[in-house]
Every structure is written in structure tokens, then in C-alpha cells.
2 protein chains.
Amino acid sequence: MGIHLTEVENAAVVLKLLGDKTRLMIVKLLENNTCCVCEFVEIFQASQPSVSQHLRKLKDAGIVTEERRGQWNFYSLNRDYDYYSLVEQILKQLPNQDHKFKELEENGTRISCC
Amino acid sequence: MGIHLTEVENAAVVLKLLGDKTRLMIVKLLENNTCCVCEFVEIFQASQPSVSQHLRKLKDAGIVTEERRGQWNFYSLNRDYDYYSLVEQILKQLPNQDHKFKELEENGTRISCC
DNA sequence: TCAATATATAATAATATGCTTATATAAAAC
DNA sequence: GTTTTATATAAGCATATTATTATATATTGA
């Protein structure tokens, strides 16, 4: 988080990052899961670069962490993040989205990596 | 809130609105106070139209309410707002900012209306 | 009625954002 | 080693956002 910013300003940065439907859904899905890029591409029916760019913003901010496993990059919620409690409280207000993963499986579109 | 939007999408709209340091501070200050525009102009050292435009966005979304009293427009947090619990939880994560009002009084810059 | 005060609104310009397309990288499979 | 798969990055463009400047409105008080 930038130097010289107040707590409120830092929080505003976090909220702005979560103030995008794709990123907010990514973070909500990561609440209970570790996912690789391909799953998000399927779930959002979005382009790979678009998803990748959203993930990079979240990673650069420290909200999520990235872990390379072979060909795949797995993303997780960073529970050591300075503003994790803010993120946590926001996620608690949102309905569970884990059915998205089941839909992928049912459609047979769940990529084998994940 | 727009039609056809999911709960997560609606929440993203709220977070985007609060993802601006000026608007987030406005809403935090309104947590315990009812304020008119001139106070915000003083506190933020911002232009009157800038503050007015931020307040309009918050009002249009339903996050705050506006009440005309004579020449002045007083703004309050809308506790009947659909996503008030989300707003409330976010504000709980932020440090109290009521000292801002005391600073105005001490500087003698607190406008008489408020 | 006229001037002052408080505020809203409109127009504009600068900047930021998010997507697409194209390309680069890196690991795995053959 | 060449191809395939998964992903990242870069460039470009369209749109959105925010501040400024100028102006309009509405209330108050002389």
C-alpha cells in the first residue's frame, strides 16, 4: 500500500479494486477455494488476458497470492493482507458462489487442471 | 440499484462508489453526523462543485439522503438503504473521523450553518 | 426588489480504466 | 527440439471518471 496514505485512503484503494464485478466475484470465489486462471475464464466467459489483468491488480495490491504449480498459476486469498479484515467483512455480506464450480463440472467445462 | 443485476454486481456498484477517498470519508463522517456541503468543502479543502458532485453520486445510489433546510442541504446516511449493512460493515473497519469536526471548530473555519 | 449565500448543474478537459488483439514466456508432452 | 497448453504482458482504443470553470437556481436578508 502506498506511503503517506491514511487508513481511510488505503481502504478506498481496496474498495476501488473490489468495486468491479469481475474482481469482486474472483475474490468471493477465492474465499473458499484456490483457483487457476482457466477456471475464471470459464466462469466469467471472459478472455484470458482480461482475467489475467484483473488477477494482477489484485495480486499487486496484496489481496491475493499467486503460486505456480507446473503450467498453472493458482491464486488464493491472502489472509495475511493488511486490510484482510476489511475484505473479509465485505465477503461476508455476499451470497456464497460455490455453485459456480459445480456448474462448471456439470457442463463438463471444468478444465482438468483445477 | 439497476435491474437484472446480481447481488454481487450490486455490491460491486456500492464498493466502486465507496472506492474514492473523498466519498468514503464523506460516508464515514455521516456515520455519526448530519452535514451540509460547506462542511465537506472545508474539511477536504475541495471545490464546492467537486463535493456537490460526489454527494450527488452517493444520493443517486441511495447511500445518503438529502434534506433541504432553508439555504442549506443536509446530508445523512440512509439507514434504510438496501445495501446499508454492507456500508455499515465497511465503516466499522475505518477509524473514527469525528476529530475532523473539532479541527474545524478550533480553526474557526467551521461554517456557522452547521 | 436586490444582493449575498449556499448549492446544483453543465460543459470541458485530463486522466484512469477495462477490454481487445497480438505477442512473449514457460512448462509439459510428444 | 518442436508443439501444445497455460499464462503474462504490451499496445491500442473506447469509455468512464473526476476535477475545473462557468453558470443557474433558490433562499435569505437588507
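First the proteins, then the strands, lettered A, B, ... as listed; each starts at 1. Predicted model, so just to flag it, every value in this text is computed and none were measured.
A side-chain donor-acceptor contact under 3.5 Å links A:Gln93 and B:Ser85.
Residue A:Lys59 places none of its side-chain N or O atoms closer than 4.0 Å to OP1 or OP2 of D:dA8. Dashed line: the shortest gap from a side-chain N or O of B:Ser50 to OP1 or OP2 of D:dT18 is not under 4.0 Å. Regarding contacts with the backbone of D:dT18, a side-chain N or O of B:Arg23 is found under 4.0 angstrom from either OP1 or OP2. For A:Ser47 and C:dT20, the shortest distance from a side-chain N or O to OP1 or OP2 is below 4.0 Å. One finds no side-chain N or O of B:Arg56 lying less than 4.0 angstrom from the OP1 or OP2 phosphate oxygen of C:dA8. Between A:His54 and C:dT17, a side-chain N or O to OP1/OP2 separation shorter than 4.0 Å is absent. Taking 4.0 angstrom as the limit, A:Arg68 places none of its side-chain polar atoms (N or O) nearer than this to OP1 or OP2 of C:dA27.
Relative to the six-membered ring of B:Tyr84, B:Arg79 misses at least one condition, a distance below 6.0 Å or an angle of at most 45° to the axis.
Distance CZ (B:Phe40) to C1' (C:dA8): 16 Å, rounded to an integer number of Å. Between the CD atom of A:Gln53 and the P atom of C:dT17 there is a distance of 13 Å, rounded to whole Å. A:Ile26 places its CD1 atom 14 Å from the C1' atom of D:dT7, with the value rounded to the nearest Å. D:dA19 atom P lies 14 Å from atom CD of B:Gln45, rounded to whole Å. In this structure, the CD atom of B:Gln71 is 12 Å from the P atom of D:dA30, given to the nearest Å. If you take CG of B:Asp20 and P of D:dT17, they are 11 Å apart, rounded to a whole angstrom. Between the P atom of D:dT9 and the CG atom of A:Asp60 lies a distance of 8 Å, rounded to the nearest Å. At whole-Å resolution of the value, CD in A:Gln48 and P in D:dT4 are 18 Å apart.
For B:Thr22, whose side chain is taken as the heavy atoms from C-beta onward, the closest listed nucleotide among D:dA19, C:dT9, D:dT9 is D:dA19. Nearest nucleotide to the A:Trp72 side chain, out of C:dA8, D:dT7, D:dA10: D:dT7. Taking the side chain of B:Lys57 as heavy atoms from C-beta on, and the options C:dA22, D:dT7, D:dT18, the nearest nucleotide is D:dT18.
In this structure, A:Gly70 and B:Asn73 both approach DNA chain C, and ranking their closest nucleotides by distance from the 5' end singles out B:Asn73.
Remark: A:Glu66 does not engage A:Arg68 in a salt bridge, criterion side-chain N to carboxylate O under 4.0 Å. A salt bridge is absent between B:Glu103 and B:Lys100: the closest approach of a Lys/Arg side-chain nitrogen to an acidic carboxylate oxygen does not fall below 4.0 angstrom.
Among the atoms of the strands shown, only primed sugar atoms or phosphate atoms (P, OP1, OP2) are found under 4.0 Å from some heavy atom of A:Tyr75. Nucleic acid contact class of A:Lys21 (heavy atoms, under 4.0 Å, all strands): none. No contact: A:Arg69 has no heavy atom under 4.0 Å from any strand. Among the heavy atoms of the strands lying under 4.0 Å from A:Lys16 are primed sugar atoms or P, OP1, OP2 only; no base atom is included.
Without hydrogens or angle criteria, B:Asn78 side chain to B:Gly62 main chain gives a donor-acceptor distance under 3.5 Å. Of the possible polar contacts, one joining the A:Gln45 side chain to the A:Glu42 backbone as a donor-acceptor pair under 3.5 Å is found.
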